[in-house]
Amino acid sequence: MTASPSFVWPPSLWAATAQPGPVLATLEGDISADVVVIGAGFTGLSTAIHLREMGHEVAVLEAAEPGWGASGRNNGQVIPTLAGHDPSAMVKRHGEAGERFNAVLRDSAQYLFDLVRKYDIPAEAEQAGWVQPVHSPGRFKLAEKRVKEWSAIGAPVELLDRAATTAMLGSEAWFGGFWNRTGGHINPLALARGLAEVALKLGATIHARSPATAMAHQNGRWVVNTAKGSVTARALVLATNAYTDEFESGLAPEVAGEVIPVLSWQMATTPISDNIAKTIIPGRQAMSDTHRELYFARWDARDRLVTGGAAVFPGSGGANLRPPIAERLKRLWPQLGEVTFDYVWSGYIGMTPDDLLKPQVPGYPRIHRLGPEGYGWTGCNGRAVALSISLGRELAKATQGTAIETLGLPLSEPKAQPFRSIVRKIAPFALPLYRRLDAAEI
């Protein structure tokens with residue numbers, strides 16, 4: 001089957017290499033289902049799969065095509081942790097619900113790879129592990145803390161000294177770190193399209209190019225409208241994250257208002273020769289370090305290093321990022337020599353900061369009950385690939401009456417970000433602060 005032709009994909013490595021997505025119809029007319037899911041990214045598609053596995057009717061509405069948003073644009077690292085918050089922080093914030101969430105997060109990478117294997121999804125999945133090296137000697141205490149906390153709840157983590165980190169990454173740039181054996185990386189768009197195919201084969205209905213324009217609970221049922229139709233359902237899952245108001249500003253303003261979409265740039269090098277590639281992250285782990293201006297890299301299936309970066313003024317198509325990120329890669333791995341990029345693309349990360357005066361502190365994910373048998377979440381904060389698949393399972397269970405007290409869903413009320421439109425525009429200007437804080441720790 002060929003991908004539906006009416007939507008322009010970002011010029012990403014993933015769009016160039018993923019298998020075609022399913023041909024999907026737009027929604028025309030009024031239909032009904034047991035559960036309506038808004039958004040065909042990782043969370044929405046996972047929810048649909050788990051609902052069908054339980055035997056429940058589900059209709060998915062996608063504004064563009066499956067994986068068109070963050071699910072198909074990210075770096076593809078499968079990381080079973082949050083950005084900046086360890087298990088004790090979730091327990092302090094949410095109590096027993098935080099403990100259940102920690103268990104879901106702990107197992108999320110393993111669950112993703114198991115699901116890929118179960119349905120034989122062609123997602124270029126490599127469960128080689130995920131490593132977080134520390135960028136300064138002082139940050140080694142952070143690695144020790146994280147290993148201690150995650151080990152205490154049964155995660156397969158291991159502390160790495162400087163020698164072990166150098167051997168694992170093929171670089172002397174870092175001062176130690178830790179790794180989790182269950183992590184790894186995937187082709188994210190291939191995963192999204194594969195999940196869509198699985199959902200369809202299991203009997204789900206997916207309508208593409210059908211942005212939801214309104215959602216409301218009326219007369220005991222959820223009604224979701226599109227330009228040419230509607231879905232009426234007993235239960236609802238909102239799975240739109242950073243793209244909640246991208247197509248319709250009034251869809252879920254209380255949810256959209258709490259998330260700040262921040263542009264993230266991804267970049268893929270030209271293929272690296274085998275004799276050089278085997279000296280750089282030779283075990284093919286996913287890597288993202290402790291810089292606030294995050295340094296990250298992983299191999300793809302064609303021996304390209306897939307990395308990325310940020311800039312206050314990225315330039316057209318990220319042109320201004322090419323020279324500094326090339327220099328960064330050469331600094332980390334001098335054996336690379338000259339670095340050129342075949343692909344540069346971008347997409348939104350859903351950030352949910354708790355204190356706008358401290359932009360260097362990552363936010364927590366926000367999970368909500370939106371009304372009777374209605375649920376949703378936002379706030380990936382850059383760590384949603386693994387988590388979203390497991391949250392889809394938890395959200396599916398919630399819509400079917402499983403007690404919230406048994407699920408890894410720490411619920412909270414939506415809380416809009418003050419001055420959101422202004423903060424969204426000035427968010428890139430936090431980059432100099434990140435760099436200053438990173439340098440102060442060296």
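This one's a predicted model, so the numbers in the text were calculated from it and none came from an experiment.
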Listed by chain and number, what are the ring-ring contact (aromatic ring centres under 6.0 Å, His included) partners of [X], not counting sequence neighbours?
| X | answer |
| --- | --- |
| F341 | none |
| F113 | none |
| W333 | W174 |
| H85 | Y364 |

[atom1]-[atom2] distance between [X] and [Y], expressed to the nearest 0.5 angstrom:
| X | Y | atom1 | atom2 | result |
| --- | --- | --- | --- | --- |
| L82 | L105 | CG | CG | 5.0 Å |
| I325 | T269 | CD1 | OG1 | 13.0 Å |
| M267 | N75 | CE | CG | 11.5 Å |

Centroid-centroid distance, [X] to [Y], less than 6.0 Å:
| X | Y | result |
| --- | --- | --- |
| F247 | W68 | yes |
| Y434 | H135 | no |
| F296 | W130 | no |

Does the pair E258 and T378 meet the rule for a side chain to side chain donor-acceptor pair (under 3.5 Å), with working shown? CA-CA 8 Å; E258 71 179 348; T378 60; 2.9 Å; yes
Think R193 forms a cation-pi with W9, using NZ or CZ under 6.0 Å from the six-ring centre and within 45 degrees of its axis?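 Satisfied, under 6.0 Å and within 45°.
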Measure from NZ or CZ of R304 to the centre of the six-membered ring of Y343 and say whether it is under 6.0 Å with the direction within 45° of the ring axis.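 No.
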For residues [X] and [Y], is any side-chain donor paired with an opposing acceptor at under 3.5 Å?
| X | Y | answer |
| --- | --- | --- |
| T43 | W377 | yes |
| N187 | T17 | yes |
| Q19 | E197 | no |

[X]: which residues meet the side chain to side chain contact (heavy atoms under 4.5 Å, CB included) condition with it, sequence neighbours left out?
| X | answer |
| --- | --- |
| S12 | W14, A15, W345 |
| A233 | V36 |
| A199 | A48, I49, A204, I206 |
| A164 | L160, D161 |

Within the side chain of Y243, is there an N or O that forms a donor-acceptor pair under 3.5 Å with the backbone of Y348?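 Such a contact is found between Y243 side chain and Y348 backbone.
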If you look only at pairs with a residue in residues 283-298, which of them pass as a salt bridge (charged side-chain N to carboxylate O under 4.0 Å, His left out), with sequence neighbours excluded?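 Found E126-R284, R284-D303, R292-D438, R292-E441, E293-R328, E293-R435.
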Using the rule given for salt bridge (charged side-chain N to carboxylate O under 4.0 Å, His left out), can you reason through K330 versus E338, listing the C-alpha separation, both sets of side-chain angles and the distance that settles it, and then say yes or no? CA-CA 7 Å; K330 288 169 60 178; E338 293 302 312; 3.1 Å; yes
Check H50 against I389 and note the closest heavy-atom contact, atom names and distance.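 Result for this residue pair: CE1-O, 4.2 Å.
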Where is the tightest heavy-atom contact between I79 and S288, given as atom of each residue plus distance?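 Where I79 meets S288 most closely, the heavy atoms are CD1-OG, 3.8 Å.
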Check the pair T81 / R383 against side chain to side chain donor-acceptor pair (under 3.5 Å), numbers first and verdict last. CA-CA 7 Å; T81 71; R383 292 283 177 86; 2.7 Å; yes
For S210, what residues pass the side chain to side chain donor-acceptor pair (under 3.5 Å) criterion, not counting sequence neighbours?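 Side chain to side chain donor-acceptor pair (under 3.5 Å) check on S210 returns nothing, list empty.
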Counterpart residues, side chain to side chain donor-acceptor pair (under 3.5 Å), relative to T165 (two or more places apart):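 Scan of T165 (side chain to side chain donor-acceptor pair (under 3.5 Å), adjacent residues dropped) gives none.
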Can E327 and R322 be counted as an ion pair, charged N to O under 4.0 angstrom?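 Salt bridge: no.
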Considering only distance and modelled atom types, tabulate donor-acceptor pairs under 3.5 Å from the side chains of residues 313-321, sequence neighbours left out.
from, atom 1, to, atom 2, distance (Å)
N320, ND2, F313, O, 2.8

